[in-house]
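Numbers here are sequence positions counted from 1.
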Amino acid sequence: MKMTGIFMFVEVTPNGSSSAKKPSENVEERGSHFSRIEETTGEVGNSGVGPVGSPSEFFSEMQISEENMPSSSTNKVCNFAKGRWVEDSQRPLYSGFDCKQWLSEMWACRLTQRTDFSYERYRWQPESCKMPKFERSSFLRRMQDKTIAFIGDSLGRQQFQSMMCMATGGLYSPEVLNVGKEYGLVKARGAIRPDGWAYRFPETNTTILYYWSASLSDLVPLNASDRATDVAMHLDRPPAFLRKYLHGFDVLVLNTGHHWNRGKLNANRWVMYADGKPIEDTKLAEIGIAKNFTVHSIAGWVDLQLPSHPNLKAFFRTISPRHFFNGDWNTGGSCDNTSPLSGGSEVVQDRSNDPVVEGAVKGTKVKILDITALSELRDEGHISRYSIRGTPGINDCLHWCLPGIPDTWNELLIAQI
C-alpha cells in the first residue's frame with residue numbers, strides 16, 4: 001500500500017502541558033469513557049481483516065518533505081475550509097433547550113449556568129464554494145434509503161448528536177426508531193453506555209449511527225474471559241465493527257486524535273500491535289508515530305474498499321482543536337473567553353492544519369473533512385467551566401457546546417455528499 005504524507009509526531013510533556021491552538025497534540029478527553037471490549041463473534045465480511053501495509057513500508061514510504069506535498073488548492077474541487085465566519089440572525093439551527101432527546105446534558109450549554117450564547121449566531125461562509133442553507137426535510141429526502149455512519153471518539157459523538165438535532169429540527173421525534181440492535185449497539189451488563197447508537201427516520205428510511213472507536217484500530221482482548229485483560233490494539237487493522245457493517249454505509253465519517261496519549265492507552269490496557277504481534281520497534285511505539293501509522297492504515301484500507309462499494313462516500317475529519325489557556329485540562333487551564341472571533345474570523349491558507357489526515361488521504365478517494373483551522377477561531381464555543389450541576393470542576397476546553405461549532409462540521413459534510 002502506498003502511503004504518503006508529512007512525517008509528523010508530537011510528544012506529551014511529563015506534566016501534560018500544552019499551549020493553546022495546537023491541533024495535533026496528544027491530549028486527554030474530559031468525560032470520555034473507557035472502551036468496553038467484547039469478543040467479536042460472527043462473520044465480518046470479505047472486506048479484509050488482515051494487516052494493512054506494514055511498519056517497514058510505512059517508514060520507507062513516509063519520508064516525504066512538506067514542500068513536496070501539493071496544497072489543496074491544486075484539487076479540482078473547491079476548498080470548503082477556506083473562508084470566514086459571518087454573523088447570521090437565523091442561527092442556531094435548533095434549540096439547545098428542546099433537543100434533549102439527542103443531546104447529552106453535559107454538552108447542552110443552554111441547560112447550564114452559562115449566560116452568553118453569542119457563539120450560536122455564526123455560520124461558516126466558504127470563500128469560493130457554494131454551501132446551500134441547511135433544510136432538514138430536503139436533507140432527509142436526499143438521504144432516502146441511505147445510512148450515515150460516524151466512527152471515532154467523543155468529538156465524533158458530538159458530531160453525531162449535532163446531526164440528529166439538525167435532522168429533527170431539535171424537536172421531540174417519537175417516530176424516529178432506535179435500531180441499535182441491528183448493529184449490536186446495546187448496553188452490556190455493567191457498562192455505562194453502549195458502544196454507539198443508531199436511529200432511523202421511517203419516512204425516508206434514513207439511518208444515522210455512531211460507533212465509538214477512539215483510536216480507529218482493531219481492539220481485541222487477549223483473554224476474552226477476563227474483564228481485566230490487556231487488549232491488543234492492532235494499529236494496522238480497522239475496527240471489526242467497520243469491517244462488518246461497511247457494506248451497508250452510504251456516508252462514512254472517521255475521526256481520531258485525542259486518545260493518542262500514554263495515559264489513555266495505559267488506563268484502557270491497550271497494547272499496541274502490528275503485523276499480528278506486539279510492537280517491538282521502539283520508533284513505531286512512540287505515540288505520535290503510532291497514531292500517524294494508524295491514520296494512514298485505515299485511510300488506505302477504506303480506499304481499497306471503495307471500488308467494491310461504489311455508492312459509498314468516505315470522509316476523514318481532521319482533528320478538533322482544543323483551547324486550554326494558562327495550563328492544561330489537569331493543571332488549571334481554562335477557556336473563559338466569550339467574545340466570538342476575538343482571534344480573527346478568516347481562514348486564508350490552502351493547506352490543512354491537520355497534516356496527518358491531509359497526508360493520509362492524499363492520493364486516495366477518501367475525502368478530507370477539514371474543520372481544524374475554522375474551529376481554531378472559535379475558542380468561545382467550548383463547554384468551559386459550565387456544567388449541568390453548577391458545581392466547580394475541570395474546565396472542558398476540548399468539547400463544544402451544542403448547538404455550536406459541530407453543526408458547521410455537518411454543514412460542510414452535507415455540502416460535499
Side-chain angles (χ1 to χ4, degrees), residues 29 31-38 94 99-108 136 139-140 143 146-168 170 173 176-188 191-201 205-219 238-259 298 302 312-320 369 371 398-400 402-414 417:
E29 283 190 40
S32 59
H33 62 287
F34 293 154
S35 175
R36 173 176 55 78
I37 307 301
E38 294 182 314
Y94 54 89
C99 198
K100 298 174 184 177
Q101 188 175 1
W102 316 112
L103 280 186
S104 295
E105 285 186 344
M106 60 186 172
W107 297 332
R136 64 191 183 99
F139 167 68
L140 289 172
M143 295 295 105
K146 294 187 180 351
T147 296
I148 304 171
F150 296 92
I151 297 181
D153 58 22
S154 59
L155 278 304
R157 183 181 168 203
Q158 284 209 297
Q159 190 174 1
F160 159 75
Q161 291 189 2
S162 161
M163 183 68 87
M164 290 301 302
C165 287
M166 290 169 65
T168 59
S173 306
V176 176
L177 305 174
N178 183 341
V179 294
K181 285 185 179 180
E182 294 182 16
Y183 299 92
L185 301 176
V186 294
K187 190 172 85 167
I192 299 174
R193 58 179 70 90
D195 283 337
W197 294 264
Y199 297 101
R200 183 166 298 142
F201 294 75
N205 193 36
T206 303
T207 302
I208 302 175
L209 69 84
Y210 162 77
Y211 178 74
W212 188 82
S213 178
S215 67
L216 295 181
S217 55
D218 195 24
L219 300 175
F241 179 88
L242 179 58
R243 301 197 309 265
K244 183 173 183 179
Y245 295 108
L246 180 72
H247 67 278
F249 298 161
D250 299 282
V251 179
L252 172 66
V253 184
L254 302 169
N255 93 281
T256 187
H258 292 295
H259 268 253
I298 193 165
V302 171
L312 174 63
K313 289 180 169 52
F315 296 83
F316 210 126
R317 180 174 63 69
T318 60
I319 196 165
S320 172
L369 182 59
I371 58 88
L398 172 66
H399 298 99
W400 304 91
L402 291 173
I405 312 308
D407 303 332
T408 294
W409 305 350
N410 281 325
E411 288 182 288
L412 294 173
L413 171 67
I414 293 165
I417 293 176

Would you compute the distance between atom [atom1] of [X] and atom [atom2] of [Y] and round it to the nearest 0.5 angstrom?
X	Y	atom1	atom2	result
C99	Y94	SG	OH	6.5 Å
L398	D153	CG	CG	8.0 Å
D407	Q161	CG	CD	11.5 Å
I405	Q159	CD1	CD	12.5 Å
I208	L140	CD1	CG	6.5 Å
N255	I319	CG	CD1	8.5 Å

Original post:
Is the number of heavy atoms from other residues, nucleotides or ligands within 6.0 Å of CD (E105) greater than 12?
Top reply: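 Check fails, neighbour count at 12 or below.
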Determine the minimum heavy-atom distance between [X] and [Y], stating which atoms define it.
X	Y	answer
I371	T318	N-OG1, 2.9 Å
P194	V186	CB-C, 3.7 Å
M166	R136	O-CB, 3.4 Å
G156	F150	O-CB, 4.2 Å
L155	W409	O-CZ3, 4.0 Å
R157	S104	NH2-OG, 3.0 Å

Can you check whether [X] reaches [Y] side chain to side chain, under 4.5 Å on heavy atoms?
X	Y	answer
L413	R317	no
L177	E182	no
V179	L209	no
F139	T206	no
I414	E411	no
Y199	F160	yes
F201	V176	yes

**OP:** Could you check D218 against R243 for side-chain contact (heavy atoms from CB on, under 4.5 Å), going step by step and ending with a plain yes or no?
**Re:** CA-CA 10 Å; D218 195 24; R243 301 197 309 265; 3.2 Å; yes
Subject >> Centroid-centroid under 6.0 Å between Y211 and Y183 rings >> reply: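 No - the distance between ring centres of Y211 and Y183 does not fall below the 6.0 Å cut-off.
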Original post:
Should M143 and D250 be marked as a side-chain contact (heavy atoms from CB on, under 4.5 Å) after you check the CA-CA gap, both sets of side-chain angles, and the distance that decides it?
Top reply: CA-CA 9 Å; M143 295 295 105; D250 299 282; over 6 Å; no
Original post:
Between Y245 and F241, what is the ring plane arrangement, given parallel below 30°, perpendicular above 60°, and tilted in between?
Top reply: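 Because their plane-to-plane angle lies in the 30° to 60° range, the rings of Y245 and F241 count as tilted.
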**OP:** Verify the distance criterion only: is there a donor paired with an acceptor across the side chains of S320 and W400 at less than 3.5 Å?
**Re:**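 Yes.
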Original post:
Who passes side chain to side chain contact (heavy atoms under 4.5 Å, CB included) against N205, sequence neighbours left out?
Top reply: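 In terms of side chain to side chain contact (heavy atoms under 4.5 Å, CB included), with neighbours along the sequence ignored, N205 is linked to D145, R200.
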Subject >> Chi angles and distances behind the side-chain contact (heavy atoms from CB on, under 4.5 Å) call for I298, T256 >> reply: CA-CA 11 Å; I298 193 165; T256 187; over 6 Å; no
**OP:** For the pair I151 and Y210, evaluate side-chain contact (heavy atoms from CB on, under 4.5 Å) and give the outcome as yes or no after the intermediate values.
**Re:** CA-CA 6 Å; I151 297 181; Y210 162 77; over 6 Å; no
